[in-house]
Amino acid sequence: MNIPPFTPGMGPLTPEQQQNFNALIGTLSVEQSSWLCGYLAGVNASGGGALPQAAPVAAGASDQKVTVLFGSQTGNGEGIASELVGALQEKGVAAELQDMGSYKTQQLKKEKTICLVVSTHGEGDPPDNAMDLHAFIQGRRAPKMDGVDFAVLSLGDTSYEHFCKTGQDFDAQLEKLGGTRLLDRVDCDVDYEEKAEAWVAELAEVISKKAVPAAAPVPVAAGGMSLATAPASEYSKKNPFPSALLERVNLNGRGSAKETIHMELLLEDSGLVYEPGDALGVVPVNDPDYVEEVLKALDGNPDEEVVTSRGIERLRDALMSTFEITTITRPFLRAYAEAVESKELTELIEDNEKLNEWLHGRELIDVLTTWPAKGIPTAEFLDMLRKLPPRLYSIASSLAAHPDEVHLCVGVTRYEAHGRTRKGVCSTYLADRVALDETIRVYVDKNKNFKLPASIDTPVIMIGPGTGIAPFRAFVEDREIQGGGKNWLFFGEQHFNTDFLYQTEWQQWHKDGVLDNIDVAFSRDQKEKIYVQDRMREKAKELYAWLEEGAHLYVCGDESRMAHDVHTALLDIVKEQGGTSEEDADAYVKALQKDRRYQRDVY
């Protein structure tokens, strides 16, 4: 687990204590870190007295412990898995939290109860830390799971074709191998909290009636929350903070095909804290003009009172800020086709290839105008919609460099498709409709899988084309304040003159020696397109030397093409410079991932 090290002058520890603490945290696993947090919180809550020592575990009890595995790209899955462990321990059940990436596959055949929380990434792919286990249980070496109880919670997004596929794969394969399902699999959309909380509570109750009790429960704070996970701020995803917009600047030059805005938001008096690598959740508001189009298509009364999760509100207000009315989800399409009794739409849904082709570049309003609503009752229509989800943006600042502020780097989405102007829901909300000093509802979304090394002496390689540059601005700001450490940036965009995001900052850091290397790729400035992966190959010898020195490598940006191309380039570099086979190069890169030395924040 990557816990930020103490820096000189930080906190009440002496220099010697800071040194000892930093040496310890670099060796801790996720489970050990969580236990230590809970232990210290419990000691503090009890007035400084030592917590009761755990009694020896009864013979055979270790075989009955519950293993909770998480596969998570951004940390949501890990958070739910941690909540399940806490709920089980509160009920006196021995439970252990494990990262799928570090879980030893041979342990599977020894398990008695196993619970999995796993997200689906991209187009049906497992997250990075779940790839090996996912492949293992579907391979020839997968053990028989007779006598093993299991349960699966899957995270996904219904706007994607392969919604929750990774969780479905695990669930089906564990049953095929002979396991016994404790609960039916639960598939969660982007607004996963309520379903996840219900799953945790029900599963903990079911398991507690079967499992061997743990020797001692984890200390619990008021309200039933583990002290180890008690929030430091009253503001969260459920209760966003109204943050004032301090500054907004277009980072692109005149004539650019891109529009990228730098935003500075005020966090004063929020109690919110973040680390480099974390994201900021932004609660958007739908475009008023678009809402009017939806109302017209529905022939709806904007002042009609409707019941939503927020209570009773006007229909127009509900469409503005409560429901997702832009992205087309497959559950919506199926429900809508049935409501309007459209044979054409039903046949389209059944032909996946044609459906994907039709969906490309279209929004919910296209469904309403192509297959008119025909007087669907308002309540029935709203039941087809999912809640308007927050949008996550990689934080582009270090809190140490900008106290009480958080900065974002947002690519604004605007394009023409099928005879209509399309706008990104949140990006145009931020770019066009929020005035300076107005507030935006935000919260911090922790990303434990994208963190700087514990030691400032560890070299860092950052690959971030486009807005993927955002977290690396935070990284370098933080590393500058800490002092020391080698830093290398690869950045790519279309044109040097108009699209070099934060150009003067990077050049100043390079001049000051904070940034040791900077390699840029501007794809449209020459006849032949050049990308960041091409620059990596050009610097293959030095890049491999940094990895051999112990460098951590980070990739942020587009998942569909860039991240794949960068991964392929990395494999080729390791094979070429290490003089190894493809299999050995693949094992080398997988070892980097397992050791958290190769981390990705891709979308």
Side-chain angles (χ1 to χ4, degrees), residues 72-76 79 119-122 155-160 163 188-193 235-245 248 251 258-265 267 270 272 274 277-288 290-291 309-310 319-329 363-364 385-397 406-415 422-434 438-447 450 464 466-471 474 556-560 601-603:
S72 175
Q73 196 73 31
T74 62
N76 291 334
S119 61
T120 294
H121 193 58
L155 299 170
D157 183 337
T158 50
S159 65
Y160 285 88
F163 171 62
C188 298
D189 200 356
V190 289
D191 52 342
Y192 62 87
E193 287 83 4
Y235 297 104
S236 63
K237 185 176 182 179
K238 290 184 178 180
N239 180 34
F241 174 69
S243 174
L245 176 60
R248 177 173 50 213
L251 295 174
K258 301 289 188 78
E259 182 181 355
T260 311
I261 55 173
H262 169 79
M263 302 184 67
E264 299 181 3
L265 302 169
L267 295 182
S270 69
L272 292 172
Y274 62 85
D278 288 340
L280 192 74
V282 176
V283 180
V285 175
N286 286 313
D287 185 341
Y290 185 85
V291 169
S309 58
R310 293 169 177 257
L319 295 177
M320 281 287 292
S321 57
T322 303
F323 293 104
E324 170 73 81
I325 59 171
T326 304
T327 302
I328 303 172
T329 68
E363 299 167 334
L364 189 140
L385 305 175
R386 69 180 182 184
K387 293 178 183 176
L388 179 61
R391 270 50 171 183
L392 297 179
Y393 294 101
S394 297
I395 291 174
S397 57
V406 61
H407 299 176
L408 299 180
C409 178
V410 178
V412 184
T413 301
R414 308 181 200 272
Y415 61 97
R422 314 289 175 164
K423 300 178 182 179
V425 174
C426 194
S427 64
T428 56
Y429 164 65
L430 295 175
D432 301 340
R433 302 196 303 278
V434 181
E438 284 189 357
T439 60
I440 300 165
R441 294 192 296 155
V442 303
Y443 63 93
V444 172
D445 189 88
K446 298 290 184 181
N447 187 350
F450 203 73
T467 55
I469 199 71
C556 183
D558 171 60
E559 191 273 340
S560 60
D601 181 11
V602 295
Y603 37 85

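What you see is a predicted model; the values in this text were computed from it and never measured. This chain uses plain numbering: 1 for the first residue, then up along the sequence.
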Q: Compare all side-chain heavy atoms of L265 with those of L408 and state whether any distance is below 4.5 angstrom.
A: yes

Q: Working note: V412 + I261, criterion side chain to side chain contact (heavy atoms under 4.5 Å, CB included); need CA distance, chi angles, decisive distance, verdict.
A: CA-CA 7 Å; V412 184; I261 55 173; 4.2 Å; yes

Q: Rounded at 0.5 Å granularity, tell me how far CG in L251 sits from NE2 in H262.
A: 7.0 Å

Q: Is there side-chain contact between R433 and P288, with heavy atoms separated by less than 4.5 Å?
A: yes

Q: Can you tell if the side chain of C426 reaches within under 4.5 Å of the side chain of Y393, non-hydrogen atoms only?
A: yes

Q: Indicate the atoms forming the closest heavy-atom contact of P471 with C556, along with that distance.
A: CG-SG, 3.6 Å

Q: Could you tell me whether the side chain of N447 reaches within less than 4.5 Å of the side chain of D601, counting heavy atoms only?
A: yes

Q: Hey, is OH on Y603 packed in by over 12 heavy atoms from elsewhere, all under 6.0 Å?
A: yes

Q: Taking the side chain as everything from C-beta on, heavy atoms only, tell me whether L392 gets closer than 4.5 Å to Y443.
A: yes

Q: Any chance you could lay out the side chain to side chain contact (heavy atoms under 4.5 Å, CB included) test for L388 and N286, step after step, and finish with the verdict?
A: CA-CA 9 Å; L388 179 61; N286 286 313; 4.0 Å; yes

Q: If the threshold is 4.0 Å, N to carboxylate O, is there a salt bridge linking E259 and K423?
A: no

Q: Is there a side chain to side chain contact (heavy atoms under 4.5 Å, CB included) between V410 and T467 once you walk through the steps?
A: CA-CA 7 Å; V410 178; T467 55; over 6 Å; no

Q: Inspect the contact between K387 and E324 and indicate whether a charged nitrogen and a carboxylate oxygen are less than 4.0 angstrom apart.
A: no

Q: Is there side-chain contact between E438 and L245, with at least one heavy-atom pair below 4.5 Å?
A: no

Q: Work out which heavy atom in Y235 is nearest to a heavy atom in S270; give both atom names and the distance.
A: CD1-O, 3.2 Å

Q: Locate the shortest heavy-atom distance separating L267 from F241; write the atom from each residue and the value.
A: CA-CE2, 3.9 Å

Q: Give me the atom names and distance for the closest heavy-atom approach of L364 to I325.
A: CB-O, 3.3 Å

Q: I need the N76 CG to E193 CD distance, nearest 0.5 Å.
A: 7.5 Å

Q: Under a 4.5 Å cut-off applied to non-hydrogen side-chain atoms, are D157 and R386 in contact?
A: yes

Q: Using only heavy-atom distances, determine whether the side chains of Y274 and S397 contain a donor-acceptor pair under 3.5 Å.
A: yes

Q: Provide the closest heavy-atom pair for S427 versus G411 in the form atom of the first, atom of the second, distance.
A: CB-O, 3.5 Å

Q: Does the side chain of D287 pick up a donor-acceptor pair with the side chain of T428 at under 3.5 Å?
A: no

Q: Drop me the distance from T327's OG1 to E363's CD, to the nearest 0.5 angstrom.
A: 7.5 Å

Q: Checking E264 now: which residues fulfil salt bridge (charged side-chain N to carboxylate O under 4.0 Å, His left out) with it, not counting sequence neighbours?
A: none

Q: For a quick test of reading the model, state the closest non-hydrogen atom pair linking V434 to R248 and the distance between them.
A: O-NH1, 2.6 Å

Q: Let me see the working for T120 and L155 under side chain to side chain contact (heavy atoms under 4.5 Å, CB included), right down to the final yes or no.
A: CA-CA 6 Å; T120 294; L155 299 170; over 6 Å; no

Q: Applying salt bridge (charged side-chain N to carboxylate O under 4.0 Å, His left out), run through D445 and R391 and close with a yes or a no.
A: CA-CA 10 Å; D445 189 88; R391 270 50 171 183; over 6 Å; no

Q: Any non-hydrogen side-chain atom of L385 less than 4.5 Å from a side-chain atom of T329?
A: no

Q: Just how far is it from atom CD1 of I395 to atom SG of C409, taken to the nearest 0.5 Å?
A: 13.0 Å

Q: State plainly whether the residues K237 and D191 are in salt-bridge range, i.e. N to O under 4.0 Å.
A: no

